[in-house]
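Report on one structure; see the data block that follows.
Because the structure is predicted, anything quoted here is derived from the model rather than measured. For the numbers below, each heavy atom of this structure counts, side chains included, while hydrogens, waters and symmetry mates do not. Residue numbers count from 1 along this sequence.
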Amino acid sequence: MKRMLPTAAALFLLPLAARAESELSLTLQGGAVKYDQALAAPSDLGAQYGLRLGIMPTPVIGAEIGYLGSQSNVRDVVNNSNSTRFISNGAYGDARLNILPGNVMPYIFGGFGVTNFKVDNEVMSSDGGLHGRTVATIPFGGGVDFNLGAFKLGGRFQYNYLLTDQLFRSAPNSAGFTTGNNTNFYGVNVDVGVSFH
C-alpha cells in the first residue's frame with residue numbers, strides 16, 4: 001500500500017508536468033531559395049517566406065504545420081528567351097526533434113507537403129520548358145532556435161524533395177518527344193517567433 005501511493009501520485013502528476021513543459025509557437029520566416037539539378041544553372045537565387053505553427057507536447061518531440069512560398073527568376077533554356085518568374089506556394093506538416101532542449105535549441109525535422117508551382121506568362125502550347133503544377137514534396141532539414149523568454153530567434157535550412165520530374169521538360173527531340181528533368185529546391189531562412197507555454 002505504501003508503494004502504491006507514491007506511484008499513484010506520480011501517475012497523477014506526470015500529465016501536469018508534461019503540460020507545464022509543453023509549448024505552442026508561431027514563427028515567421030524569410031530568406032533565400034535555390035533550385036538544384038536541372039534548374040541549378042538557369043535559376044537565380046530567389047526569395048523564400050513562410051509561417052509555421054509548432055506544437056511541442058514535450059521539450060524534445062513535437063510537430064509543425066506551415067506555409068512556405070518562394071519566387072525565383074529562371075531563364076527559359078528551351079527557347080533561349082528572357083527569364084521568367086517561378087512562383088511556389090505550399091503547405092507541409094513535419095515531425096520535429098529538439099536535440100538539446102534549452103535556451104539554445106538545435107533541431108532536425110522531416111515530413112510531407114504539397115506545393116503548387118506557377119510559371120509567370122507560361123506558354124501553354126509549348127511542350128518544353130517550365131510547367132506549372134501541384135506536386136507532393138518531402139521537406140526535411142534542421143535549424144537552431146534561441147529562446148529569449150516568450151520570443152524566438154533562429155535560423156533554418158529546409159530541403160524540399162519533389163515527387164515529380166515534370167516541372168521542367170526538355171525541348172522535343174527529333175521524334176517530337178519531350179523528357180522530364182528532376183529538380184528540387186532548398187532554402188536558408190531567418191526565423192522570428194513567439195512561444196506560449
Open item on the list: Looking at T84 and D120, would you say the former's side chain and the latter's main chain have a donor-acceptor pair under 3.5 Å?
Closed with: yes
ILVMFWY cluster, [X] and [Y] together (side-chain gap under 4.5 Å):
X	Y	value
F151	F196	yes
Y67	L28	no
V135	V33	yes

Can you name the nearest heavy-atom pair linking [X] to [Y], along with the distance?
X	Y	answer
S195	H197	OG-NE2, 3.7 Å
Q158	P139	NE2-CB, 3.5 Å
T115	S88	CG2-CB, 3.8 Å
S72	G46	OG-CA, 3.7 Å
S22	P57	CB-O, 3.7 Å
T137	V114	OG1-N, 3.9 Å

TODO: Report yes if the side chains of L24 and L53 come closer than 4.5 Å at any heavy-atom pair, otherwise no.
DONE: yes
- [ ] Answer yes or no: is there a side-chain heavy-atom contact under 4.5 Å between V192 and L153?
- [x] yes
What's the separation between atom [atom1] in [X] and atom [atom2] in [Y], rounded to the nearest 0.5 Å?
X	Y	atom1	atom2	answer
F117	S70	CZ	OG	7.0 Å
I55	S25	CD1	OG	8.5 Å
I65	Y92	CD1	OH	9.5 Å
L68	N89	CG	CG	9.0 Å
Q37	T183	CD	OG1	6.0 Å
F112	D94	CZ	CG	13.0 Å

Open item on the list: Going by the rule salt bridge (Lys or Arg N to Asp or Glu O under 4.0 Å), which residues pair with R133 if we only count those two or more places apart in sequence or in a different chain?
Closed with: none
TODO: List for me each residue that meets salt bridge (Lys or Arg N to Asp or Glu O under 4.0 Å) alongside K152, sequence neighbours excluded, and say none if there are none.
DONE: E23, D145
Open item on the list: If you count heavy atoms of other groups shown closer than 6.0 angstrom to CG of L163, is the number above 12?
Closed with: yes
Partners meeting side-chain contact (heavy atoms from CB on, under 4.5 Å) with [X] (sequence neighbours left out):
X	value
V190	none
I108	L97, I99
L100	P106
V188	F157

Task: Any residue meeting ring-ring contact (aromatic ring centres under 6.0 Å, His included) with F109, in chain and number order, not counting sequence neighbours - done: none
Open item on the list: Under the rule for ring-ring contact (aromatic ring centres under 6.0 Å, His included), what residues qualify as partners of Y159, not counting sequence neighbours?
Closed with: F140
TODO: Not counting sequence neighbours, which residues clear side-chain hydrogen bond (donor to acceptor under 3.5 Å, both in side chains) with N181? List them please.
DONE: S170
TODO: Evaluate the criterion side-chain contact (heavy atoms from CB on, under 4.5 Å) for residue pair T58 and N98; output intermediate values, then yes/no.
DONE: CA-CA 10 Å; T58 76; N98 291 334; over 6 Å; no
- [ ] Could you go through the side-chain contact (heavy atoms from CB on, under 4.5 Å) check for L162 and N184 one step at a time?
- [x] CA-CA 6 Å; L162 305 182; N184 305 299; 3.8 Å; yes
- [ ] Return each pair, listed once, that meets salt bridge (Lys or Arg N to Asp or Glu O under 4.0 Å) where at least one residue sits in residues 25-39; pairs must be two or more places apart or across chains.
- [x] none
TODO: Any salt bridge (Lys or Arg N to Asp or Glu O under 4.0 Å) involving residues 45-71? Give me the pairs, sequence neighbours left out, ordered by first then second residue.
DONE: R52-E64, R52-D191, E64-R96, E64-R156
Task: Where at least one partner belongs to residues 31-52, residue pairs that pass ring pair (Phe, Tyr, Trp, His ring centres under 6.0 Å), sequence neighbours excluded - done: Y35-F86, Y35-F185
